[in-house]
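Data block below; observations after.
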Amino acid sequence: MTFNAVPFMEPSQDFIEAGSTEIWEYINPNHDAHPMHVHLVNFQVLNRQPIDAAGYQAGYEKWLDGGRKPKDRPVLANYFTGPPIPPDPDEAQSEKDTVKSCPETVTRIITRQFDPPMDMIASIPGSGTELPATYVHHCHILEHEDDDLMRPWTIVRRGEADGGDSDSDSAGARRRGPALRTGGRRDQ
């Protein structure tokens, strides 16, 4: 199991601008739930949406086998099987650092302001964060962490993000996706 079929030890591919707001999509085509934990930030659960997991997985594997060409990447919206489902009552209107990524769904979270602590912490010299700053997100099931279901992400200064694989919504939040794709193969 990996994020986007990339092993944990590979360099960070997700560069987030300090102070930005982003929506992350955890796509889980498996039959198991994953408790996804994001280091440093709190977030809110936006929603979950059911997907044709087998169809999406087949399209994703074809994309990987074809060399990851951007034009051939499967479009998530083509695999939705129902409307978005609001967060569970214990998730609504509360800050989280871990979210349950349900089987055969896309789980969306929103982070408002990726701002690491830059100032000195507890009067300890050199304790503030310097940018770029790299953190991780991972599945909180130990066996899944051991199997590389964790990846680094990096906060950079405004204007230094790669722009990568994202778009913006009407609220100005960058959508990155898919942030999670789990499966039994690894591309090295």
Side-chain angles (χ1 to χ4, degrees), residues 1-16 18 20-51 53-54 56-57 60-61 64 76 79-80 84-117 121 127 129 132-156 164-166 173-188:
M1 286 182 248
T2 61
F3 279 92
N4 297 329
V6 178
F8 172 68
M9 295 306 292
E10 291 297 314
S12 178
Q13 297 174 329
D14 293 310
F15 299 93
I16 292 106
S20 67
T21 294
E22 291 202 351
I23 295 170
W24 286 5
E25 296 178 318
Y26 287 102
I27 301 168
N28 183 357
N30 293 320
H31 300 293
D32 297 323
H34 297 280
M36 302 309 304
H37 175 64
V38 183
H39 286 210
L40 178 69
V41 297
N42 290 323
F43 54 81
Q44 286 187 296
V45 179
L46 283 180
N47 60 40
R48 293 179 175 86
Q49 192 163 7
I51 60 170
Y56 180 81
Q57 187 73 22
Y60 199 90
E61 295 289 339
L64 291 174
L76 180 61
Y79 298 93
F80 295 147
I85 301 162
D88 291 338
D90 67 327
E91 297 171 324
Q93 304 299 315
S94 64
E95 297 280 313
K96 301 290 184 186
D97 68 3
T98 304
V99 63
K100 178 174 52 178
S101 176
C102 296
E104 301 181 358
T105 65
V106 57
T107 300
R108 294 180 187 91
I109 63 172
I110 185 167
T111 57
R112 292 176 172 78
Q113 298 190 342
F114 283 94
D115 285 320
I121 301 167
S127 58
T129 301
T134 300
Y135 301 91
V136 298
H137 59 137
H138 60 91
C139 178
H140 242 300
I141 298 173
L142 185 57
E143 292 82 8
H144 294 184
E145 290 179 47
D146 290 346
D147 285 338
D148 273 0
L149 191 47
M150 57 191 309
R151 285 289 296 144
W153 57 276
T154 303
I155 300 176
V156 297
D165 192 16
S166 67
R174 282 181 18 141
R175 257 182 220 282
R176 305 186 69 80
L180 166 69
R181 177 251 171 219
T182 61
R185 79 176 266 199
R186 294 177 200 220
D187 284 357
Q188 302 257 7

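What's counted below: heavy atoms across the whole structure, side chains too, no hydrogens, waters or symmetry copies. Keep in mind it's a predicted model, so treat the numbers as computed, not measured.
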- Message: If we ignore hydrogens and angles and just use 3.5 Å, is the side chain of R151 paired with the main-chain N or O of P11 as donor and acceptor?
- Response: yes
- Identify, with sequence neighbours excluded, every residue that meets side-chain contact (heavy atoms from CB on, under 4.5 Å) alongside T98. P35, H37, H140
- Query: Between atom OH of Y60 and atom CD1 of I27, what is the distance when rounded to the nearest 0.5 Å?
  - Reply: 7.5 Å
- Note on the structure: By side-chain contact (heavy atoms from CB on, under 4.5 Å), S12 pairs with (sequence neighbours left out) F15, P152, T154
- Taking C-beta and beyond as the side chain, do N28 and T107 meet within less than 4.5 Å on heavy atoms? no
- V38 and side-chain contact (heavy atoms from CB on, under 4.5 Å): which partner among D97, V99, I109? I109
- By side-chain contact (heavy atoms from CB on, under 4.5 Å) - contacts of P103 (at least two apart): A33
Show the atom names and distances, to 0.1 Å, of all donor-acceptor pairs under 3.5 Å that link a side chain in residues 40-47 to residues at least two apart or in another chain.
| unit_1 | atom_1 | unit_2 | atom_2 | d |
| --- | --- | --- | --- | --- |
| Q44 | OE1 | R112 | NH1 | 2.9 |
| N47 | OD1 | R108 | NH1 | 2.8 |

- So, for D32 and H34, which heavy atoms are closest and what is the spacing to 0.1 Å? O-CD2, 3.6 Å
- Query: Which heavy-atom pair separates E104 from P29 by the least distance, and what is that distance?
  - Reply: CG-O, 4.1 Å
- Note on the structure: salt bridge (charged side-chain N to carboxylate O under 4.0 Å, His left out) pairs touching residues 84-94, sequence neighbours excluded, are R48-E91
- Item | W153/F3 under ring pair (Phe, Tyr, Trp, His ring centres under 6.0 Å): CA gap, chis, key distance, verdict | CA-CA 11 Å; W153 57 276; F3 279 92; over 10 Å; no
- Query: Taking all atoms of both residues into account, what is the closest heavy-atom pair of A18 and D115, and its distance?
  - Reply: C-OD1, 3.9 Å
- Closest heavy-atom pair and its distance - P116, Y135: CB-OH, 3.6 Å
- Working to the nearest 0.5 Å, report the span between CD1 of I110 and CD of E22. 10.0 Å
- Message: Just checking Q93: does its CD atom have more than 12 heavy atoms from other residues, nucleotides or ligands closer to it than 6.0 angstrom?
- Response: no
- Message: Checking I121 now: which residues fulfil side-chain contact (heavy atoms from CB on, under 4.5 Å) with it, not counting sequence neighbours?
- Response: P117, S127
